[in-house]
There are 2 protein chains.
Amino acid sequence: MKNPDTFDRAEPGPRKANKRHVLRVALAQFDKDGIDATTIEGIRDLAETSIGSMYHHFGSKDGLLAALYFIALDDQLALIEPQIVSASDPRGAIAGLIGSYLEWVVQQPKLARFMFQARSYVAAGPHKDALAERNQRRYGTLLKRLREGVKDGVIRQMPSELYASLLVGQSENYCRAWLSSRVQGKPTDYTSIFVEAAWRSISK
Amino acid sequence: MKNPDTFDRAEPGPRKANKRHVLRVALAQFDKDGIDATTIEGIRDLAETSIGSMYHHFGSKDGLLAALYFIALDDQLALIEPQIVSASDPRGAIAGLIGSYLEWVVQQPKLARFMFQARSYVAAGPHKDALAERNQRRYGTLLKRLREGVKDGVIRQMPSELYASLLVGQSENYCRAWLSSRVQGKPTDYTSIFVEAAWRSISK
DNA sequence: AAAGTATACAGAATTATCTTCTAGAAGATT
DNA sequence: AATCTTCTAGAAGATAATTCTGTATACTTT
């Protein structure tokens, strides 16, 4: 794992050592074989733990997916949020958002790949609310910033439900492609292009 | 089904009636409960057919997913391709691409939703090649158009692996959001915004 | 420090689901 | 009409997820 502290932060304490270990093994397997082809028994075997223990911690395969998904999401948010908050103007907030997002994907390719794969599983399950709340957190502060820009006449007025797609859609699409080896160049190689494109997409 | 001829075109003939019927039922179930929660037995039951018949036609659950996926992909391409080919200039090609893509998603929300969900399953399986070929078909002609634009000085020169993301990333992201009810406005309500944003993203 | 409580670990048994297999019916081809 | 191919059928087998019951370990209270 590139950043060994992601799981330590999410599930701290010595008693959670086994839980963290299972999460790490699970992520590796999901990444290697895909979510569907990975079995609970396979994870149990590699993690050298017991079924009882796994079901104690996660309740179900879906539960394991959701746990991993939210660990990934929170790890991502921890990197992105400060960038938006600390920016001094709309353009800076956008550059911070996109820059830190691309940064995270390159730092945590396995978590990123997993998130794209698991999103539909998690969104279908009983975690919609927690997910919506996180999205709120991600774009809430940003939207305030954009409204400043609209008032100042530098950003175009449009339905607010459009901003998120216009800003991160391109970056996200490219990251997806990079994570499945359809393109070569690292997302962070093109940060300035994505920032510029996002800015042009919403500016006057 | 909004467009009842999609399956008729993909699997024509009276002998394929049952196969088509299974495909329709399967799509409805995947859409209702998600891919993972839908069982072969559930589809068999609703379609009032037999397991033997289903495995004869599709070989496996993955096979069923792949069959549906490529029917959807071809249906989409059938709408998009002519728009790119018939356009007279780069900007027209881009407008055609985005406009027809948004159009298709709104016409075929179930197929579109399914494609987003099934992509990772299909990409993991033994159909990478067929998928890559289709993508080639989708962006090959377009890239030629863009190169014209670069020569004429209206489009910025950049690594060609970037164009696809810069052009359709925003639209795709919004469609995803619309298909999972995170936003209200129909994608086609915002066609001109997405076309304009795409153009600005790659133009000089 | 002992008793009590909550948390974690263990694996056999059960249930759910996917897939294979064999057989026969319906349709096409000669 | 004989033969070949495609389609339908469902029972049996294989695989995977989940439940259940019991035990051990750590933490809390007295």
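We name chains A, B, ... by the order of the sequence lines, and we start the count at 1 in each one.
- The CZ atom of A:Arg15 sits 7 Å away from the P atom of D:dA26 (whole-angstrom rounding).
- The shortest side-chain heavy-atom distance between B:Leu65 and B:Leu68 does not fall under the 4.5 Å cut-off.
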What do the steps show when you test B:Asp8 against B:Arg24 for salt bridge (Lys or Arg N to Asp or Glu O under 4.0 Å), and what is the final call?
CA-CA 11 Å; B:Asp8 297 330; B:Arg24 280 188 243 263; 3.3 Å; yes
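- Residue A:His56 has no polar side-chain atom (N or O) positioned under 4.0 Å from OP1 or OP2 of C:dA10.
- Regarding A:Arg20, its CZ atom lies at a distance of 11 Å from the P atom of C:dC9, rounded to whole Å.
- Considering all non-hydrogen atoms of both residues, A:Arg156 and A:Ser201 come closest at NH2-O, 2.9 Å.
- Look at CG on A:Asp45: it is 15 Å from P on D:dT15, rounded to the nearest Å.
- Residues A:Val25 and A:Thr49 form no side-chain contact, since every pair of their non-hydrogen atoms from C-beta on lies 4.5 Å or further apart.
- When the options B:Leu23, B:Thr38, B:Ile35 are evaluated for a side-chain contact (heavy atoms from CB on, under 4.5 Å) with B:Leu64, the one that passes is B:Leu23.
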For A:Glu172 and A:Arg176, run salt bridge (Lys or Arg N to Asp or Glu O under 4.0 Å): C-alpha distance rounded to whole Å, both residues' side-chain angles, the deciding distance at 0.1 Å, then the answer.
CA-CA 6 Å; A:Glu172 198 185 286; A:Arg176 240 179 239 276; 3.4 Å; yes
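- Between its opening and closing five pairs, the helix from C:dA1-D:dT30 to C:dT30-D:dA1 changes axis direction by 20°, a value rounded to 10 degrees.
- Within a 6.0 Å radius of CD in A:Glu41, other residues, nucleotides and ligands contribute more than 12 heavy atoms.
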Reading nucleotides 14-23 of chain C 5' to 3', which nucleotides get B (base under 4.0 Å from a protein heavy atom), which S (sugar-phosphate only), which -?
---SSBB---
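- Under the 30°/60° scheme for interplanar angles, the aromatic rings of B:Phe194 and B:Tyr174 are found to be tilted.
- Between A:Thr49 and C:dA10, a side-chain N or O to OP1/OP2 separation shorter than 4.0 Å is present.
- Comparing B:Arg44 and B:Lys16 along DNA chain D, the residue whose closest nucleotide (by nearest heavy atom) sits nearer the 5' end is B:Lys16.
- Put simply, A:Asn18 has no side-chain N or O that comes within less than 4.0 Å of OP1 or OP2 on C:dA8.
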